[in-house]
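A quick write-up on the structure given underneath.
Note on naming: letters A, B, ... go to the chains in the order of the sequence lines (proteins, then strands), and numbering restarts at 1 for each one. Values reported hereafter were calculated over all heavy atoms of this structure, with side chains retained and with hydrogens, waters and symmetry mates removed.
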Amino acid sequence: SLTEKLEATFKKLRGLGTLTEDNIKEALKEIRRALLEADVNYKVTKDFIQDVQAEAVGAETIRSVEPGQLIVKIVHEKMIKLLGEKTAEIQISERPPSIIMICGLQGSGKTTLTAKLGLLYKKKKQKVLLVAADPYRPAAVKQLQTLGKQIDVEVFEMGQSDPVTICKGAISKARKEFVDLIIFDTAGRLHIDEELMNELSDIKKMANPREILLVADAMTGQDAVNVAREFHEKLNVTGVVLSKMDGDARGGAALSIRGVTGCPLKLVGIGEKLTDLEPFHPDRMASRILG
Amino acid sequence: VGMAAKVDDNLLDEIEEILIQGDVGVSASMKIIENLKKKVAHDNIKDAEQVITELKTEISLIIQSDRDPGQLNEVGPTVWLIMGVNGTGKTTSVGKLAKYFSDSGKKTMVAACDTFRAAAVEQLSIWAERSGVEFIKAKDGTDPASVAFDAVSAAKARGIDILLVDTAGRLHTKSHLMEELGKIKRVISKVVPVENIKPKLVLDGTTGQNALSQVKIFTDAVEGCDGLIVTKLDGTAKGGVVIAIAEEMSVPIDFIGLGEQIDDLKPFDPQSYVDALFE
Ligand SMILES: Nc1nc2c(ncn2[C@@H]2O[C@H](COP(=O)(O)OP(=O)(O)OP(=O)(O)O)[C@@H](O)[C@H]2O)c(=O)[nH]1
Ligand SMILES: Nc1nc2c(ncn2[C@@H]2O[C@H](COP(=O)(O)OP(=O)(O)OP(=O)(O)O)[C@@H](O)[C@H]2O)c(=O)[nH]1
Ligand SMILES: [Mg+2]
Ligand SMILES: [Mg+2]
């Protein structure tokens with residue numbers, strides 16, 4: 001782990017007065033390497049290391065804290081701060097129906113999250129409508145319908161119609177039936193696919209969702225920044241959900257995404273079951289990234 | 001790439017940045033750069049363009065594999081066991097491969113051994129229709145190994161050349177699911193010789209360093225991964241972790257996925273891959 005590696009680096013400098021640029025160089029190299037191996041983006045890492053250096057150089061090592069511990073403390077605190085300090089909640093509109101739109105790359109976990117949220121809010125006594133707005137992927141509608149049945153939450157579908165029409169149809173049904181929460185499941189798409197990205201902004205313009213959640217796979221590498229930046233620029237994403245955190249990926253994409261978009265991380269997927277959903281905890285994520 | 005003109009540390013830093021941002025990873029990048037430095041010193045290379053050419057050559061040699069990805073066993077059926085973590089593109093790749101093999105005149109069958117994920121069987125049946133190949137399925141919840149057994153037996157009986165077995169996505173950290181894969185392979189080996197069974201790992205091209213542990217653990221679970229299929233290289237991700245994988249383990253890359261249509265699958269070509277990495 002990073003702390004062990006840093007301890008080894010700092011053994012050489014026991015009993016030091018102040019941290020200088022020279023004597024922390026080795027430690028900063030270790031930290032940089034740990035972040036890059038955790039898939040934190042190259043540039044985000046560079047900026048992070050510069051911040052740590054600026055704070056560490058000249059810091060007095062007080063009697064009770066070894067230099068290695070001081071650096072770890074600075075790194076940990078800075079990371080938690082960058083990840084957002086505290087848990088961010090999903091926002092629901094005062095006047096129903098509130099709308100959540102789910103988007104992201106192919107295979108990231110959108111349809112599964114749609115059903116997980118359906119269950120979460122059903123348990124909070126909300127009347128929920130899930131919307132199958134992915135007319136492209138084979139059996140995508142059937143997948144959401146199957147999941148909806150498992151949790152006894154209604155799924156609105158219009159087969160292979162265009163997504164804006166489907167979402168519009170869902171809103172008018174929701175108004176008639178006093179639905180509290182509508183969740184749009186959309187098709188996976190590449191952030192460079194202009195036509196499909198425009199489709200999402202068309203849905204946004206028509207429906208004005210209260211939340212636009214970007215689902216990102218925790219295993220994503222350096223490309224996370226390109227994806228998040230494009231989705232955010234196009235849609236003004238309100239929150240990010242990191243899926244598949246039940247694996248052993250360190251999840252550096254979280255730091256990258258938050259670093260380049262400022263969007264709050266709100267939830268994490270921790271499994272395939274529809275109850276496998278947790279709030280995002282910045283401190284736990286920081287420890288996971290640092291290994 | 002708009003790189004530095006001189007052969008100096010600046011150029012090497014830029015190369016490191018490209019490799020790291022391409023998901024090659026720290027240790028594989030450092031190895032590549034160390035070898036490059038030796039080459040530059042040994043051959044006294046002064047021209048930056050030439051350094052890049054050497055670099056590309058070095059990487060191509062790492063990821064090279066001279067076998068034909070579509071090679072089947074003399075006596076059929078050859079069985080491709082398609083596995084991987086969740087959402088990498090396994091079912092879609094099975095659909096694309098079915099068309100690829102049937103277009104090349106091979107009698108092809110697909111088996112729906114993902115009996116767990118919602119609508120997984122329906123999804124594969126649509127792909128089987130699109131590619132016009134035989135399709136074996138069972139009710140949701142059926143033991144995947146028994147579906148595989150039935151499929152291989154049918155494939156043998158019908159003189160099938162290639163059977164593509166779709167399996168459920170599973171994280172390599174879930175040991176009971178990894179054991180299930182081993183069981184599927186063992187059951188198949190009761191019907192066809194083990195050398196006919198080709199486990200293929202589907203990796204998502206946007207995955208970072210985690211792909212290394214995926215390859216290691218899936219390879220252990222089925223006692224030898226025959227090849228990789230790397231999907232979603234039609235985005236901006238470079239999939240450079242395959243270079244780190246090639247450095248550490250000798251698992252060749254067979255095919256790459258370049259989109260969601262049935263023809264968006266190509267045999268892996270190292271040269272064009274390396275060119276794309278440095279674009
Ligand atoms: N282990 C694990 N698997 C997950 C998680 N979330 C989703 N999955 C799985 O990931 C795969 C893809 O999930 P989907 O919900 O179909 O993903 P999607 O984003 O809707 O995919 P497309 O619609 O094809 O773009 C499925 O096998 C899910 O069961 C999670 O938190 N952990
Ligand atoms: N852009 C792009 N999308 C792809 C590619 N291959 C697959 N996909 C998409 O990725 C998503 C997931 O594909 P699936 O084939 O369902 O993945 P899977 O591995 O079978 O998923 P699970 O069975 O849930 O683990 C779908 O939306 C596919 O259309 C590719 O090469 N490029
Ligand atoms: Mg989906
Ligand atoms: Mg599948």
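B:Asp140 does not touch chain A: none of its heavy atoms, backbone or side chain, sits under 4.5 Å away. For B:Glu260, the part sitting under 4.5 Å from any heavy atom of chain A is the side chain, from C-beta outward, and nothing else. Neither the backbone nor the side chain of A:Leu144 comes within less than 4.5 Å of any heavy atom in chain B. Within the 4.5 angstrom heavy-atom criterion, only side-chain atoms of B:Ser213, from C-beta onward, approach chain A. Only the side chain of B:Val85 comes within less than 4.5 Å of a heavy atom of chain A; its backbone N, CA, C and O stay farther away.
More than 12 heavy atoms of other residues, nucleotides or ligands sit less than 6.0 Å from atom CD of B:Glu17. Open room surrounds CD on B:Gln261; 12 or fewer heavy atoms of other groups in view lie less than 6.0 Å from it. Other residues, nucleotides and ligands contribute only 12 or fewer heavy atoms inside 6.0 Å of the NZ atom of B:Lys183. A 6.0 Å sphere centred on NZ of B:Lys137 holds no more than 12 heavy atoms belonging to other residues, nucleotides or ligands.
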Side-chain donor-acceptor pairs of residues 240-249 of chain B under 3.5 Å, sequence neighbours excluded:
{"from": "B:Glu247", "atom 1": "OE1", "to": "B:Lys31", "atom 2": "NZ", "distance (Å)": "3.3"}
{"from": "B:Glu248", "atom 1": "OE1", "to": "B:Lys216", "atom 2": "NZ", "distance (Å)": "3.4"}

Under 3.5 Å, side-chain donor or acceptor atoms of residues 245-257 of chain A against the rest of the protein: list the pairs with distances, not counting sequence neighbours.
{"from": "A:Asp246", "atom 1": "OD1", "to": "A:Gly271", "atom 2": "N", "distance (Å)": "3.4"}
{"from": "A:Asp246", "atom 1": "OD2", "to": "B:Lys174", "atom 2": "NZ", "distance (Å)": "3.0"}
{"from": "A:Asp248", "atom 1": "OD1", "to": "B:His172", "atom 2": "NE2", "distance (Å)": "2.9"}
{"from": "A:Asp248", "atom 1": "OD1", "to": "B:Asn210", "atom 2": "ND2", "distance (Å)": "2.6"}
{"from": "A:Asp248", "atom 1": "OD2", "to": "B:His172", "atom 2": "NE2", "distance (Å)": "3.4"}
{"from": "A:Arg250", "atom 1": "NE", "to": "A:Arg288", "atom 2": "O", "distance (Å)": "3.4"}
{"from": "A:Arg250", "atom 1": "NE", "to": "A:Ile289", "atom 2": "O", "distance (Å)": "3.0"}
{"from": "A:Arg250", "atom 1": "NH2", "to": "A:Ala34", "atom 2": "O", "distance (Å)": "3.2"}
{"from": "A:Arg250", "atom 1": "NH2", "to": "A:Ile289", "atom 2": "O", "distance (Å)": "2.8"}
{"from": "A:Ser256", "atom 1": "OG", "to": "A:Asn41", "atom 2": "N", "distance (Å)": "2.8"}
{"from": "A:Ser256", "atom 1": "OG", "to": "A:Gly252", "atom 2": "O", "distance (Å)": "3.3"}

Yes or no on side-chain contact (heavy atoms from CB on, under 4.5 Å) for A:Met219 and B:Leu171, after CA distance, side-chain angles and deciding distance?
CA-CA 11 Å; A:Met219 297 176 268; B:Leu171 290 185; 4.1 Å; yes
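Ion pair B:Arg117/A:Glu272 not flagged as a salt bridge, since none of the NZ, NE, NH1 or NH2 atoms sits closer than 4.0 Å to an Asp/Glu carboxylate oxygen. Of the charged side-chain nitrogens involved, at least one lies within less than 4.0 Å of a carboxylate oxygen, so that A:Arg32 and B:Glu16 count as a salt-bridged pair.
Residues B:Thr236 and A:Asp223 share a closest heavy-atom pair of OG1-OD1, 2.6 Å. Smallest separation of non-hydrogen atoms from A:Tyr42 and B:Asp13: OH-O, 4.3 Å. The two residues B:Gly235 and A:Ile192 come nearest to each other via the heavy atoms CA-CD1, 3.8 Å. When all heavy atoms of B:Ser27 and A:Arg33 are compared, the pair lying nearest together is CB-NH2, 3.4 Å.
A donor-acceptor pair under 3.5 Å is formed between the side chain of A:Asp39 and the backbone N or O of B:Gln209.
For the options B:Thr91, B:Thr231, B:Thr173, heavy-atom pairs under 4.5 Å to chain A are most numerous at B:Thr173. In terms of non-hydrogen atom pairs under 4.5 Å with chain B, the most contact-rich of A:Thr146, A:Leu190, A:Thr112, A:Val141 is A:Leu190. For chain A, the option among B:Thr92, B:Thr88, B:Asp23, B:Asp234 with the highest count of heavy-atom pairs below 4.5 Å is B:Asp23.
Taken from CG in A:Asp217 to OG1 in B:Thr207, the straight-line distance is 6.5 Å, to the nearest 0.5 Å. Taking CG of B:Asn86 as the start and OG of A:Ser108 as the end, the distance is 12.0 Å to the nearest 0.5 Å.
When side chains are defined from C-beta on, B:Gln123 counts as touching A:Arg137, because their heavy atoms get closer than 4.5 Å. Counting only heavy atoms from C-beta outward, the side chains of A:Gln143 and B:Glu122 never approach each other to under 4.5 Å.
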